[in-house]
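Quick note on labels: first sequence line is chain A, next is B, and so on, each numbered from 1. In this text, all values refer to a predicted model and were calculated from it rather than measured experimentally.
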Amino acid sequence: MLDPQLLRRDSEKVAKQLLRRNYKFDVDCFTELEADRRILQGRQQELQTERNQNSKEIGRLKAAGADASAILEAVGHLGKELDKVDDRLSDVQEKLGRVVHGMPNIPHDSVPDGSDETQNLEVRRWGSPREFDFDPLDHVAIGECLNMMSFDKAAKISGSRFVVLSGQLCRLQRALTQFMLDLHTQEHGYQEVYVPFLVSSNALFGTGQLPKFEEDQFRTDSQPEYYLIPTAEVPVTNLHREEIIDDRSLPLRYVCHTPCFRREAGSYGRDTRGMIRQHQFEKVELVNIVRPSESWKALEALTNHAEIVLQRLELPYRVITLCAGDLGFSSAKTYDIEVWLPGQNAYREISSCSNFMDFQARRMQCRWRNPESRRAEYAHTLNGSGLAVGRTLVAIMENCQNADGSINVPSALRPYLGGVEAINRPS
RNA sequence: GGAGAGGUGGCCGAGUGGUUGAAGGCGCACGCCUGGAAAGUGUGUAUACGUUCAUAGCGUAUCGAGGGUUCGAAUCCCUCCCUCUCCGCCA
């Protein structure tokens, strides 16, 4: 959510900035609603003042044992008029809420122009794609040859966009998770947390998935209703909703492993083959809550923490800055990390690191006590995948494959697999 | 699932219809005291919106959420949510 003050004072400037991400902010409609709100609220307050004064007078008279019937009668008509004004005001406020809650974050000045993913900007590359002396397979072929990956079995149980893994491939995925958690907790100073996978709509509103992206979520029909988390970002960032955080405990840095559930509505034709785009996948997520003055530095550090996972696994990748048009709803700036996938002959997203500034914090009322101003101010929130475990598994399978269909285990991972150096088809 | 208790400011905790935005305490900030610190002591200490040059003053709203009764609700009534205790069940 954007600062309402900013929206009122600088609406034209905001509209211009939002246009960069293809969002049309209807300034006229907004200013009109704001004008209505102001008038109605003024009228409401007048009436309330009148009522309060009269009520106090009645109290005084009754306490003194005097007759208050005259004032009682005089104040009687106020109620109905107040009701009318209340109704009109809440109607206007609801409309304003819909506008404001549906507005995306403003792209940071350092975010390049561009309307879609083709105009994202490459920042740096690490490693170089391996030269194969055979035709590399994609992870689906490798997994099926190993007899450890089945989309047919998953389809029988659940339908499309699910996978069943077995044997050493499961262990590899588990090892990856463990490796990432250990790296971030032991070397990068993150605190591990375990959180609910079912959350309330409030939590999703806080991080910005609701109300706009309802159709991307899985929702239970229980009472109360829950949503399956699309990312650990939701429960972890909301850990501090409606709090005023002590300055001394900042910055907060959490790492959390969860499954993630996504409807993938609107991506029917995309990545239908393989594990790239599933309804359920594992992810290790990094979340920062920081002082506003530190969030840009924190974004660079967070991105670097995610990159180190790939470096340790010796997987080539590149980092790109999303252009304004490709930015997520809540984000002011996002770096995507893309890993090289020989099976697709392309770099594919494996992590997305964003600075949301105070956008999420305002939605969830997450503040910190600024010792300088002594006031409660909105904190800045950030998050990034560190990494998407399923896609990392895919990357290892495709990058570390051998001509005989086996997979070499990256040395950083071997301690987590009991020293196993390669995964072979069981005889 | 059954029975009971409760949700009040950064925290704890008073308050059952009328100057209560809310006593008291803790914490925090600033001052005094001190060689320095602790203790002591004084003052201050929510958020949003409106008005405004103003983070000054004033007004309005907010005591889990929503609705109702009333001239007036933290206080009474209804619905929902949440927390705790006991019993049952269960990994």
Side-chain angles (χ1 to χ4, degrees), chain A residues 1-9 11 30-31 33-97 99-101 194 196-206 210 219-227 235 238-250 252 289 291-292 358 361-379:
Chain A
M1 195 166 115
L2 296 172
D3 183 359
Q5 304 257 19
L6 182 75
L7 251 35
R8 276 180 230 125
R9 279 209 280 263
S11 44
F30 177 79
T31 7
L33 282 169
E34 264 300 319
D36 286 352
R37 198 210 88 232
R38 194 177 294 231
I39 290 163
L40 287 167
Q41 195 169 322
R43 182 67 188 136
Q44 183 195 48
Q45 292 187 1
E46 272 173 31
L47 291 167
Q48 284 168 334
T49 308
E50 197 179 336
R51 184 197 62 191
N52 289 350
Q53 283 168 352
N54 282 311
S55 293
K56 271 181 190 170
E57 184 58 24
I58 291 166
R60 232 172 270 134
L61 288 172
K62 288 204 167 173
D67 175 38
S69 55
I71 305 181
L72 269 170
E73 204 166 322
V75 89
H77 74 281
L78 277 178
K80 266 182 235 145
E81 195 176 348
L82 194 54
D83 280 348
K84 260 191 268 174
V85 173
D86 283 348
D87 285 348
R88 286 173 61 198
L89 182 59
S90 54
D91 181 56
V92 168
Q93 270 167 335
E94 201 190 305
K95 283 180 183 149
L96 270 171
V99 172
V100 173
H101 295 155
Y194 173 83
F197 304 157
L198 292 170
V199 298
S200 68
S201 61
N202 286 339
L204 281 156
F205 176 81
L210 288 183
R219 190 182 59 213
T220 68
D221 68 354
S222 58
Q223 183 53 247
E225 65 177 22
Y226 297 111
Y227 290 82
N238 276 283
L239 237 30
H240 294 283
R241 65 178 295 117
E242 290 156 48
E243 276 185 19
I244 299 175
I245 303 165
D246 193 300
D247 176 63
R248 284 169 297 198
S249 52
L250 291 176
L252 291 164
I289 300 180
R291 299 180 190 92
D358 62 6
R362 183 172 284 110
R363 291 170 86 95
M364 58 187 181
Q365 292 295 306
C366 169
R367 294 168 296 173
W368 68 301
R369 182 73 62 187
N370 182 346
E372 281 172 29
S373 69
R374 286 205 251 146
R375 298 173 65 83
E377 299 172 6
Y378 291 114

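Contacts of A:Arg88 classified as salt bridge (Lys or Arg N to Asp or Glu O under 4.0 Å), with partners at least two apart in sequence or in another chain: none. In this structure, A:Tyr227 has no ring pair (Phe, Tyr, Trp, His ring centres under 6.0 Å) partners at least two apart in sequence or on a different chain.
Using P as the reference atom, B:U51 and B:U45 are 25 Å apart when rounded to the nearest Å.
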Checklist outcome for this item: Read 5' to 3' with Watson-Crick or G-U pairs under 3.5 Å, [ ] for crossing pairs and | for partners on another strand, RNA chain B gives ((((((((.[[[..)..(.....]]]((((((.......))))))((((((.....)))))).[[[[[..)....]]]]])))))))....
Item to check | Under 4.0 Å protein heavy-atom contact, by nucleotide of nucleotides 59-71 of chain B - B base, S sugar-phosphate only | outcome: BBS---------B
Checklist entry - If the sugar-phosphate is the primed atoms plus P, OP1 and OP2 and the base is the rest, what is the B/S/- string for nucleotides 26-31 of chain B, using protein heavy atoms under 4.0 Å? => result ---S--
Please tabulate, for the side chains in residues 46-53 of chain A, all donor-acceptor contacts under 3.5 angstrom to protein atoms that are two or more places apart in sequence or on a different chain.
residue	atom	partner	partner atom	Å
A:Glu46	OE1	A:Arg43	NH1	2.8
A:Thr49	OG1	A:Gln45	O	2.6
A:Asn52	ND2	A:Gln48	O	3.4

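Within the 4.0 angstrom heavy-atom criterion, no nucleotide atom of any strand lies near A:Arg60. At the heavy-atom level, A:Gln5 lies under 4.0 Å from the strands shown only through sugar-phosphate atoms.
Nucleotide B:C82 holds its P atom 14 Å from the CZ atom of A:Arg241, rounded to whole Å. In this structure, CD of A:Glu46 is placed 15 Å from C1' of B:C58, rounded to the nearest angstrom.
Using a 4.0 Å cut-off, some side-chain N or O of A:Arg37 falls inside it from OP1 or OP2 of B:G50.
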